[in-house]
Amino acid sequence: MPELPEVETIARLLREGGEGQPSLLGCTIRDFDLLWPGTLAEPAPRQFRHLIIGQEFKAIDRRGKFLVFELSNHYLLIHLRMSGDILVGEGEQPLGEYSRLALYMENGVQLSFNDARKFGRAWLVEDSQSVLGKLGPEPLDESFTAEAFHRRLQARRRQLKPLLLDQSFLAGLGNIYVDEALHLARLHPLTLANNLSRRQAGNLLAAIRQVLREGIRRNGSSIDWVYRGGDFQNQFRAYQRTGEPCPECGTLIERIVVAQRGTHICPQCQPSPSFP
DNA sequence: CACGAGACCTGTTCGC
DNA sequence: TGCGAACAGGTCTCGT
């Protein structure tokens with residue numbers, strides 16, 4: 001499910017609460033259930049139990065697509081991967097069929113990490129950099145300049161789509177927002193990164209920021225059963241719009257496969273690079 | 001360094 | 001109607 005805007009939306013909800021949902025801040029962990037052992041990346045369950053009980057939620061943030069929970073003495077990091085979601089409620093609620101890890105707070109608040117496909121992972125670590133250390137820059141960080149982005153692109157001879165999906169190159173983009181950003185920037189996904197001009201790099205960074213900000217403003221995208229709440233899916237320019245008209249020129253959107261991922265382009269606005 | 005294939009999982013949708 | 005194939009918001013590892 002979640003790319004940067006969806007994770008940002010979830011982090012904000014967990015931090016601030018909303019619609020009858022309590023904030024997690026200030027909650028102290030009393031107990032937990034690990035329903036699918038593979039969900040816990042580290043440490044081992046015994047050690048996890050020993051460490052996490054009694055810790056309080058001090059801060060809740062996002063880095064790339066990771067949820068970052070600062071506890072009293074450790075960081076709890078959660079990656080939702082394809083189908084993960086975090087549900088928080090008050091009182092004893094029945095856990096859903098797809099609950100993989102549940103945390104119970106002393107004040108009755110309960111958190112459930114739901115994940116149908118079981119790809120999601122949680123880490124409890126002292127040093128968050130041990131998990132987050134290889135992530136690239138945050139695209140919305142204003143101190144990350146177009147010049148720096150251009151330099152980063154120049155250093156790689158790689159197709160734009162797989163490069164933008166690479167979290168060590170830039171943190172937070174996934175299949176939806178890459179397709180949307182490339183369409184907005186009028187760049188073909190197979191274009192080689194080191195072929196971009198300074199101006200094209202600037203346009204691409206601006207396009208990335210525009211689609212991410214719009215995604216956040218609309219509380220993310222919800223498709224199928226996986227995520228509820230957002231409505232950015234109604235603004236898609238290219239993603240999952242195969243056979244529908246391009247919003248810029250009316251040409252029908254095509255679906256191709258790039259880096260084993262479904263990829264959506266306007267063949268008119270995003271012409272093939274000359275020598276991919 | 002870059003790329004493709006396969007693995008990890010389950011659920012929904014598509015095509016015959 | 002039924003049933004297998006294809007596909008899905010992600011990332012890791014391995015071989016070339």
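Below, chains carry the letters A, B, ... as their sequence lines are ordered, and counting in each starts from 1. As the structure is a prediction and not an experimental result, all values here were calculated from the model.
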Checklist entry - Which parts of nucleotides 1-7 of chain B does protein reach within less than 4.0 Å, heavy atoms only, written one letter per nucleotide 5' to 3' as B for base, S for sugar-phosphate only and - for none? => result -SSBB--
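Taking the P atoms as reference points, B/dA5 lies 14 Å from C/dA6, given to the whole Å. Going from the P atom of C/dA5 to that of B/dA7 covers 15 Å, rounded to whole Å.
Stacking between A/F119 and the base of C/dT11 is absent under the criterion of ring centres within 5.5 Å and planes under 30 degrees.
Hydrophobic clustering, defined by side-chain heavy atoms of Ile, Leu, Val, Met, Phe, Trp and Tyr closer than 4.5 Å, groups A/L77 together with A/F66, A/V68, A/Y75, A/W123, A/V125, A/V131, A/L132, A/L135.
With hydrogens and angles disregarded, no donor-acceptor distance shorter than 3.5 Å links the side chain of A/E90 to the backbone of A/Q21.
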Checklist outcome for this item: Applying the Watson-Crick and G-U criteria (both distances under 3.5 angstrom) with [ ] for crossing and | for other-strand pairs, one obtains for DNA chain B .|||||||.|||||||
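Under the rule for a side chain to side chain donor-acceptor pair (under 3.5 Å), the partners of A/R217 that lie at least two apart in sequence or sit in another chain are A/E214. Checked against side chain to side chain donor-acceptor pair (under 3.5 Å), A/R151 has no partners two or more places apart in sequence or in another chain.
No close placement of the A/Y239 and A/Y177 rings is indicated, their centers lying 6.0 Å or farther apart. Ring centers of A/F32 and A/Y104: at least 6.0 Å apart, outside the cut-off.
Among the atoms of the strands shown, only primed sugar atoms or phosphate atoms (P, OP1, OP2) are found under 4.0 Å from some heavy atom of A/Y239.
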Identify the pairs formed between an N or O of the protein and an N or O of nucleotides 14-16 of chain C at a distance under 3.5 Å, and give each distance.
none

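The hydrophobic cluster containing A/I78 also contains A/L25, counting ILVMFWY residues as joined when their side-chain heavy atoms lie under 4.5 angstrom apart, directly or transitively.
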